[in-house]
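Accompanying notes for the structure given below.
Any value given below was found using the heavy atoms of this structure, including those in side chains, with hydrogens, waters and symmetry copies removed. The structure presented is a predicted model; accordingly, all values stated were derived computationally and were not measured.
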Amino acid sequence: MRFKNLHVEDLDNNPNTVLVFKSLRSNGKYRFFYLLLMHDYLVLASKGCFPAVNGQPEKWLGGTDIEIPKSGLSWFINAIEQKFMKTEAEGGLKREVFTYSTVIDGEKLVVKRQFGVPGYGLMNFNRKEYVFNESPQLAEFTDQMLFENGLLDELKLVAKKIDNGEL
């Protein structure tokens, strides 16, 4: 299934939304993340307020970050908890390995550990990002978002509903 890029105006009050999460940015403004269930896919989109520049007013920018088969959400959560957060002896990845991948419903999903601002990236190598149409789709999550601000717990609730056939 192919989708069109969701635009900022498509995000608020979208009937397909199963989760909205806001994250405070370093500039004191929020970035909003939307998880939408569309057919058998989850679409993660985001929007943030772009500051006023050269006399132009601030404006909301954003759109689709990544599309994944809906069963990919549980895999993403398990990859973080079982592969990245455990030692090799406990079944986790080797110390020098920073990516983990699988194919779900014919789509190659990759989780990567990110440095600089610590976090995780979820990539879909079978779908190109909408702006330049060259790179794989990528959704990025900081450790602060996932662990301190509770996004991982909220994603687990959505994944459980998917796994139970409720979504």
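- Among all heavy-atom pairs drawn from A79 and Y100, the shortest one is CB-CD2, 3.7 Å.
- Atom CZ in F84 sits 12.5 Å away from atom CD in Q82 (nearest 0.5 Å).
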Side-chain donor/acceptor pairs under 3.5 Å, residues 160-167, sequence neighbours excluded:
unit_1 : atom_1 : unit_2 : atom_2 : d
D163   : OD1    : S74    : OG     : 3.1
D163   : OD2    : S74    : OG     : 2.7
N164   : ND2    : K160   : O      : 3.3

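- In the hydrophobic cluster analysis, where Ile, Leu, Val, Met, Phe, Trp and Tyr join through side-chain heavy atoms closer than 4.5 angstrom, F147 is grouped together with L35.
- Looking only at side-chain heavy atoms (C-beta outward), E129 and L138 stay at 4.5 Å or farther from each other.
- Looking only at side-chain heavy atoms (C-beta outward), V111 and L122 come within less than 4.5 Å of each other.
- Minimum interatomic distance between N16 and N14 (heavy atoms only, all atoms of both residues): N-OD1, 2.9 Å.
- How far OH of Y41 is from NZ of K70: 11.5 Å, rounded to the nearest 0.5 Å.
- D143 is listed as a side-chain neighbour of R113, based on a closest heavy-atom distance under 4.5 Å.
- Linking ILVMFWY side-chain heavy atoms closer than 4.5 Å, directly or via other members, places V53 and L61 in a single hydrophobic cluster.
- Looking at L155 and I77, their side chains come closer than 4.5 Å, going by heavy atoms from C-beta outward.
- Rounding to the nearest 0.5 Å places OH of Y130 at 10.0 Å from NZ of K4.
- Residues W75 and V18 share a hydrophobic cluster, clusters being chains of Ile/Leu/Val/Met/Phe/Trp/Tyr side chains in contact below 4.5 Å.
- Taking the salt bridge (charged side-chain N to carboxylate O under 4.0 Å, His left out) definition, one finds that K112 meets it with nothing, sequence neighbours left out.
- Between S46 and Y34, the closest side-chain pair of non-hydrogen atoms is not below 4.5 Å.
- K47 and V8 get closest at one heavy-atom pair: CD-CG1, 3.8 Å.
- Panel note: side chain N54, backbone Q56; no donor-acceptor pair is recorded below 3.5 Å.
- With hydrophobic clusters built from ILVMFWY side chains whose heavy atoms lie under 4.5 angstrom apart, L73 shares a cluster with L109.
- Between V110 and F125 the shortest side-chain heavy-atom distance falls below 4.5 Å.
- Across L11 and A45, no two heavy atoms sit closer than the pair CD2-CB, 3.5 Å.
- In this structure the side chain of L36 never reaches within 4.5 angstrom of the side chain of L42, judged on heavy atoms.
- Between the side chain of Q137 and the backbone N or O of E67, at least one donor-acceptor pair lies under 3.5 Å.
- Put simply, the side chain of D10 gets close to the backbone of H7: a donor and an acceptor are under 3.5 Å apart.
- How far CE of M38 is from OG1 of T17: 9.5 Å, rounded to the nearest 0.5 Å.
- Side-chain N or O atoms of K83 include one that pairs as donor or acceptor with a backbone N or O of G91 at under 3.5 Å.
- In this structure, N124 CG and E107 CD are separated by 4.5 Å, a value rounded to the nearest 0.5 Å.
- Linking Ile, Leu, Val, Met, Phe, Trp and Tyr residues whenever their side-chain heavy atoms come within less than 4.5 Å leaves M123 and V103 in two separate clusters.
- Closest heavy-atom contact between N126 and K108: OD1-N, 2.5 Å.
- Annotation: F141 is not in aromatic contact with F21 [ring centroid separation under 6.0 Å not met].
- In this structure, the side chains of F76 and I104 stay at 4.5 Å or more apart for every pair of heavy atoms.
- Rounded to the nearest 0.5 angstrom, K156 NZ and N78 CG are separated by 9.0 Å.
- Minimum heavy-atom separation, F33 to E140: CE2-O, 4.4 Å.
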- Message: Walk me through whether N149 and Q144 qualify under side chain to side chain contact (heavy atoms under 4.5 Å, CB included).
- Response: CA-CA 6 Å; N149 297 343; Q144 183 177 5; 3.8 Å; yes
